[in-house]
Amino acid sequence: MLYVLEHGRTVHAAGSKMFFLARRDVPKADRAKQQIQRLIGVCVHTRQVRHGILLVTTLYHNAESGLKDQRRKRKYDRRKAVA
């Protein structure tokens with residue numbers, strides 16, 4: 001997880017800070033390591049508790065869609081549900 005926080009890209013959304021490790025974020029020297037290859041696609045959601053202290057709220061692996069599902073709000077369906 002610390003590797004993702006150090007090398008991953010950072011996205012701010014809805015009061016949380018997300019770190020995502022994509023394949024292009026991994027340095028060339030680390031690309032051959034199997035342990036690092038398994039971290040590609042890991043997303044860490046954090047929020048700041050105090051100045052300089054981050055609290056990890058969620059950690060998941062999503063290599064296929066990456067951060068695409070986190071960057072946008074979901075559409076609100078105004079139609080009434082048919083029961």
Side-chain angles (χ1 to χ4, degrees):
M1 178 175 66
L2 292 176
Y3 191 88
V4 176
L5 296 177
E6 291 175 7
H7 297 284
R9 64 183 67 178
T10 306
V11 177
H12 297 273
S16 72
K17 190 174 186 180
M18 295 177 278
F19 298 89
F20 179 75
L21 186 67
R23 187 174 311 279
R24 69 180 115 186
D25 298 329
V26 178
K28 289 184 180 182
D30 293 342
R31 289 186 185 167
K33 297 178 183 176
Q34 183 64 26
Q35 294 172 338
I36 304 301
Q37 287 292 322
R38 294 183 65 191
L39 289 175
I40 293 174
V42 169
C43 186
V44 180
H45 287 250
T46 61
R47 67 180 177 95
Q48 190 166 3
V49 179
R50 289 186 214 134
H51 182 66
I53 299 175
L54 287 177
L55 175 69
V56 175
T57 56
T58 306
L59 174 75
Y60 64 90
H61 188 265
N62 191 2
E64 295 191 14
S65 68
L67 286 175
K68 290 179 185 175
D69 57 341
Q70 299 294 326
R71 283 189 265 177
R72 293 188 193 103
K73 285 187 173 180
R74 295 180 186 228
K75 299 286 185 183
Y76 180 75
D77 190 6
R78 293 181 183 260
R79 297 176 290 175
K80 292 185 179 184
V82 178

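Residue indices begin at 1 and follow the sequence shown.
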Between atom OG1 of Thr46 and atom CG of Leu59, what is the distance when rounded to the nearest 0.5 Å? 11.0 Å
Treat each ILVMFWY residue as a node, draw an edge where side-chain heavy atoms are under 4.5 Å apart, and state whether Ile53 and Val44 are in one component. no
Please name the residue in the list Ile40, Val42, Leu39 that meets the side chain to side chain contact (heavy atoms under 4.5 Å, CB included) test with His61. Val42
Begin with the C-alpha distance, continue with both residues' side-chain angles, and end with the deciding distance and a verdict on side-chain contact (heavy atoms from CB on, under 4.5 Å) for Met1 and Phe19. CA-CA 10 Å; Met1 178 175 66; Phe19 298 89; over 6 Å; no
Which heavy-atom pair separates Gln37 from Arg31 by the least distance, and what is that distance? NE2-O, 2.5 Å
Report the C-alpha separation of Val26 and His7 in whole Å, then their side-chain angles, then the decisive distance to 0.1 Å, and conclude whether the side-chain contact (heavy atoms from CB on, under 4.5 Å) test is met. CA-CA 7 Å; Val26 178; His7 297 284; over 6 Å; no
Out of Thr58, Val11, Leu55, Val56, which one pairs with His45 under the side chain to side chain contact (heavy atoms under 4.5 Å, CB included) rule? Thr58
Cys43 to Phe20 - nearest heavy-atom pair and separation: CB-CD1, 4.0 Å
How close do Gly15 and Arg47 get, heavy atom to heavy atom, and via which atoms? O-CB, 4.2 Å
Hydrophobic cluster membership, Val4 vs Leu2, 4.5 Å side-chain cutoff: yes
Any heavy-atom pair between the side chains of Thr10 and Lys17 that's under 4.5 Å? yes
To the nearest 0.5 Å, how far apart are CG in Asp25 and CG in Asp30? 12.0 Å
